[in-house]
Amino acid sequence: MHVDIKTSSVKPIRNTYAYVQKRFGDKPASRYQEASYDIQEEINFHYRPLWQPTHEIFDSSRTQVTMQDWYALKDPRQLYYATYTLIRARQQEVMESNFAFVEKNALFASIPVDLLEKARKLLVPLRHYEWGANMNNSFITGYGYGATLTNATMFATMDRLGTAQYLTRIGLLVDGNQPECLELGKQEWLDAACWQPLRQSVERMFVVQDWFELFVAQNLVFDGYLYPLVKEIVDRELVGKGASALGMLTAFMSEWYDETQPWVNSVLKTAAAESPANRELLVGWIATWQVPAREAIAALLTELGSDPQQLAHLDEAFTKRLTKLGLIGMEVAA
């Protein structure tokens with residue numbers, strides 16, 4: 001008996017969703033494109049918010065920055081929910097393994113007391129800064145415009161909460177899983193003179209109404225100074241002197257900053273290139289927030305007994321970053 005097996009192909013009527021086809025053409029789209037582009041609510045809001053009747057619920061005029069196409073502020077990582085959760089799940093597995101290894105082998109017991117105290121004074125109060133960054137990125141997500149940006153800021157919102165939790169766990173390890181270390185860190189954040197410049201700035205950011213200015217203040221300026229400082233102190237002054245366990249437990253912070261820095265750069269570079277007015281706004285906001293950021297770093301360096309010249313190195317790195325972004329339109333604050 002002879003059997004003929006035939007195959008036939010069915011040509012799809014269209015290759016992607018209509019809203020994606022309108023922007024990219026009738027061709028297969030990536031999952032990032034399908035999940036990010038042209039999904040911002042624009043019509044049929046019915047009523048204005050009672051707490052802010054001058055704006056629609058979703059309104060591009062909530063910031064002074066203007067864009068012809070808000071979807072130009074894309075994420076070069078092309079993260080959407082599935083890829084984001086997969087990446088973070090793998091990173092969390094590594095971090096859980098690191099914490100388990102440090103705790104199982106009591107590695108903190110081998111760290112000199114002075115180094116452990118320095119780590120506590122630096123890292124434990126920072127969990128409150130991370131909580132503030134979580135709140136700020138949540139605000140940007142709620143009031144920002146264009147899903148390519150607000151999707152990414154929502155991911156950043158959750159990342160900051162995760163970092164705060166890792167810092168909390170470090171504090172618990174320092175104190176043998178007792179809450180005294182965390183309470184001491186909270187009191188230092190509230191009362192210690194060295195933390196007040198940073199705390200004051202975080203609280204000032206809470207009341208910034210322009211979400212793009214908040215993006216600049218939090219994700220560019222303060223993170224751009226604080227994260228490199230923490231990495232420098234951990235790597236050179238702690239890990240370099242025998243506290244290698246702390247390098248394992250702060251790995252996510254360094255990896256996260258290296259990953260998100262290109263995204264922040266891309267958003268700002270694109271916005272600045274849109275118009276001279278945008279660039280002028282961004283340059284002004286950077287200059288405004290750079291002053292308190294430097295004051296906060298200087299206070300921490302003094303308290304921790306670190307080399308005050310580190311601030312000059314941070315200034316230099318930050319200036320190089322602004323130069324690459326085309327935003328080097330201000331003098332470094334004195």
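Below, all heavy atoms of this structure are taken into account, side chains as well, without hydrogens, waters or symmetry copies. Since we're looking at a predicted model, the values are computed, not measured.
- Using a 4.5 Å heavy-atom cutoff, the side chains of Asn134 and Tyr129 are not in contact.
- Here Gln261 contributes atom CD and Asp258 contributes atom CG; the two are 7.0 Å apart, rounded to the nearest 0.5 Å.
- Judged by the 6.0 Å distance and 45° axis criteria, Arg294 is not positioned over the aromatic ring of Trp289.
- The side-chain heavy atoms of Leu300 and Leu226, taken from C-beta on, include a pair separated by under 4.5 Å.
- Between Glu188 and Arg120, at least one side-chain N (NZ, or NE/NH1/NH2) sits under 4.0 Å from a carboxylate O, which counts as a salt bridge.
- Cation-pi geometry between Arg62 and Tyr145 is not satisfied (NZ or CZ under 6.0 Å from the ring centre, within 45° of the ring normal).
- For the 3.5 Å distance criterion, the side chains of Glu103 and Asn177 qualify, holding a donor opposite an acceptor.
- Screening residues 124-137 for salt bridge (Lys or Arg N to Asp or Glu O under 4.0 Å) gives Glu130-Arg160 as the qualifying pairs, with residues at least two apart or on separate chains.
- Every residue two or more places apart in sequence or in another chain that forms a side chain to side chain contact (heavy atoms under 4.5 Å, CB included) with Glu180 is listed here: Asp175, Gln178.
- By the side chain to side chain donor-acceptor pair (under 3.5 Å) test, Glu34 is found to be paired with no residue, residues two or more places apart in sequence or in another chain being considered.
- Residues Glu232 and Leu314 form no side-chain contact, since every pair of their non-hydrogen atoms from C-beta on lies 4.5 Å or further apart.
- Ring geometry, Tyr32 versus Tyr37: the interplanar angle exceeds 60°, so the pair is classed perpendicular (tilted spans 30 to 60°).
- Using bins of under 30°, 30° to 60° and over 60° for the plane-to-plane angle, the ring pair Trp189/Trp195 lands in the tilted bin.
- The ring of Tyr84 has its center no closer than 6.0 angstrom to the ring center of Trp263.
- Distance check, rounded to the nearest 0.5 Å: CD of Glu56 to CD of Glu41 gives 12.5 Å.
- Within a 6.0 Å radius of OH in Tyr81, other residues, nucleotides and ligands contribute 12 heavy atoms or fewer.
- The only option from Thr63, Thr150, Asn219 that meets the side-chain contact (heavy atoms from CB on, under 4.5 Å) definition with Ile140 turns out to be Asn219.
- Within the 4.5 Å cutoff, no side-chain heavy atoms of Tyr143 are placed close to those of Phe58.
- You'll find the side chain of Tyr19 reaches within 4.5 Å of the side chain of Ile39, heavy atoms only.
- The structure places CD of Gln40 at 10.0 Å from CG of Asn151, a figure rounded to the nearest 0.5 Å.
- For the residue pair Ile286 and Phe318, the shortest heavy atom distance occurs at CG2-CE2, 4.0 Å.
- Rounded to the nearest 0.5 Å, atoms CD (Gln310) and CG (Asp315) are 12.0 Å apart.
- Relative ring orientation between Trp70 and Trp211 is described as tilted, the plane-to-plane angle lying within the 30° to 60° band.
- Tested against Arg77 for a side-chain contact (heavy atoms from CB on, under 4.5 Å), the candidates Thr83, Ile87, Thr260 yield a single pass: Thr260.
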